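Here is the structure we will look at.
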Amino acid sequence: MTSKDSHSLDPDDWQALRAQGHLMLDDIVDYMANLRQRPVWQPIPQHKRDIFTEPLPTAPTDLAAVHDSFMQDILPYAAGNTHPGFMGWVQGGGNPVGMLAEMLAAGLNANLGARDQMPLEVERQVLRWVRELFGFPDTATGLFVTGSSMANLMSVLVARTAALGPQVRQHGLAAGGKRLTAYTSAGAHGCIAQAVDLSGLGFDALRVIPMNAQHQIDLAALQRTIAADRQQGFTPFFIAGSAGTVNHGAIDDLNALADIAASEGLWFHIDGAYGALAMLSGEIAPRLQGIERADSIAFDFHKWMQVPYDAGFFLVRDGTLHHDAFASPAAYLRREARGLAAGSPWPCDFGPDLSRGFRALKTWFTIKVYGAEKLGRMIAGTCALAQYLQQKIEAEPKLELLSPASLNIVCFRYRSADSDRVNADLIADLHESGIAAPSATTVNGCLAIRVAVVNHRTEQRDIDALFDAVISLGDAAMQ
Ligand SMILES: *Cc1c(COP(=O)(O)O)cnc(C)c1O
């Protein structure tokens, strides 16, 4: 029994909590096991939205009742990225092993900002594995972050500190009088521009270089732009290459970018948010050649490697530069040679977060339980499905391929005189049908249906279902 003056949030009856916990586990396992019987997505009825406008509850509610509300009001109206028919944007499907690990991590409630604790060794283990995967040296540092948006921002901050010296952290960007410029391709993710903005350089400091026919950064244009900037007194400092662009799955010529960065003395970052982990596949890895020469890489375990959200990672070749960009002395973060405050440097010395969750555990479980080979085959499998879809599109006169499958992404449209409107409607109709959820993008000025096969659960039958639904909805729109 708890004492009368206890304010603990623990239950009086652990057996009842355990029983309820088992029910919750059963429900979510049933959900995962039977995903295919559900719609990918369904519109949220207004009366369901209204449930979430209640005032702050002051009195307790039974856990079982709150769980019921989860099952009835939340779970059916999620975005559907666990579902095999989800092919929109670039999102991971999660996995049952990672889910169970997340439960263990929540129970442990580890805070991975600092101190001498085994959870940090798990994170360091994952760091060692990614060094190995990307051919980085033992002196490379890295850490889990929310996602590649954060990792890309951190790369600009490290590169800025490398270019201007640690004093930039004291005096700010303006003090040195240098006007830094950064370079990326028109196919790069929007978070690269955001990173340049958030780091205080301003959007204008980013030079957006056109793409070649393969949707890679145009190397000649890049070199011309760098030279022109130097002539005008700018200080070029940063190139962000792409390993898997969101629109086309294009991979920049990473070796050529590494050469340019080396000869120009620029930081070479790679946004490998979804594509970099294709290194797990022996088949695809050769296309990422040059990735081992990057100064830093941003990538997401929560996309192609299917770790439950969120699990981004930031890897830096030069651990000293990485440390110098973020570390700061704080009295309450005193470091000791022994005791719980030993073991520094800590993750809080390598990024802006102090308190951090145990993202490493679900990642460690996922890698250990499935093994790198199976994960690599799964990644290659999604690319094979994109090829399969491309072949079907090419054999169907009603459809037009807008960009061929590179990696796992295919863009196409239903042919029509009023194509943009018809295809936009078609995508929304598909979402509402619950059959499949591709997304929309623009390719060469045309609205395209964009299919990104990321989910490990997607199979040929799901591609067939998408294809058949596109044809029948497109035909209906032509009536
Ligand atoms: C998803 C993605 C991002 C953003 O990553 P988040 O994990 O969503 O923050 C950046 N670049 C590319 C190429 C992406 O696919």
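Just follow the structure's listing: the first ligand is 1, and inside any ligand the first atom is 1. Because the structure is a prediction, the values reported are computed rather than measured.
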Can you tell me if Arg356 and Asn111 form a side-chain donor-acceptor pair at under 3.5 Å?
no
Ligand 1 versus Cys191: contacting region, heavy-atom distance under 4.0 Å
side chain
Identity and distance of the protein heavy atom lying nearest atom 10 (C) of ligand 1
His189 CG, 3.3 Å
Between Arg317 and Glu292, is there a donor-acceptor pair closer than 3.5 Å when you use the side chain of the first and the backbone of the second?
yes
Would you say the ring centroid of Phe358 lies under 6.0 angstrom from that of Phe144?
no
Gly244: numbered ligand 1 atoms lying under 4.0 Å from its heavy atoms
13 (C)
Distance only, no hydrogens: is a donor on one side chain within 3.5 Å (strictly under) of an acceptor on the other, for Thr82 and Tyr31?
yes
Ignoring hydrogens and geometry beyond distance, is a side-chain donor-acceptor pair present between Tyr414 and Asp425 at under 3.5 Å?
no
Taking atom types as modelled, is there a side-chain donor on Ser148 or Asp300 under 3.5 Å from an acceptor on the other?
yes
Can you tell me the protein heavy atom closest to atom 12 (C) of ligand 1 and the distance?
Ala273 CB, 3.2 Å
Any N or O of Asp300 that comes nearer than 3.5 Å to an N or O of ligand 1?
yes
Asn152 N/O under 3.5 Å from ligand 1 N/O:
no
Give the residue, atom name and distance (to 0.1 Å) of the protein heavy atom nearest atom 11 (N) of ligand 1.
Asp271 OD2, 2.7 Å
Hey, does His302 come in under 3.5 Å of ligand 1, counting only N/O atoms on both sides?
yes
For atom 4 (C) of ligand 1, grab the closest protein heavy atom and report residue, atom and distance to one decimal in Å.
Ser149 OG, 3.5 Å
Leu399 and Arg415: side-chain contact (heavy atoms from CB on, under 4.5 Å), yes or no, with the steps?
CA-CA 6 Å; Leu399 301 181; Arg415 290 183 202 269; over 6 Å; no
Tell me which protein heavy atom sits closest to atom 14 (C) of ligand 1, plus the residue, atom name and distance to 0.1 Å.
Lys303 NZ, 2.9 Å
Donor-acceptor pair between Asn423 and Ser419 side chains, under 3.5 angstrom:
yes
If you count the atoms of ligand 1 from 1 in the order shown, which ones are under 4.0 Å from a heavy atom of Gly147?
7 (O), 9 (O)
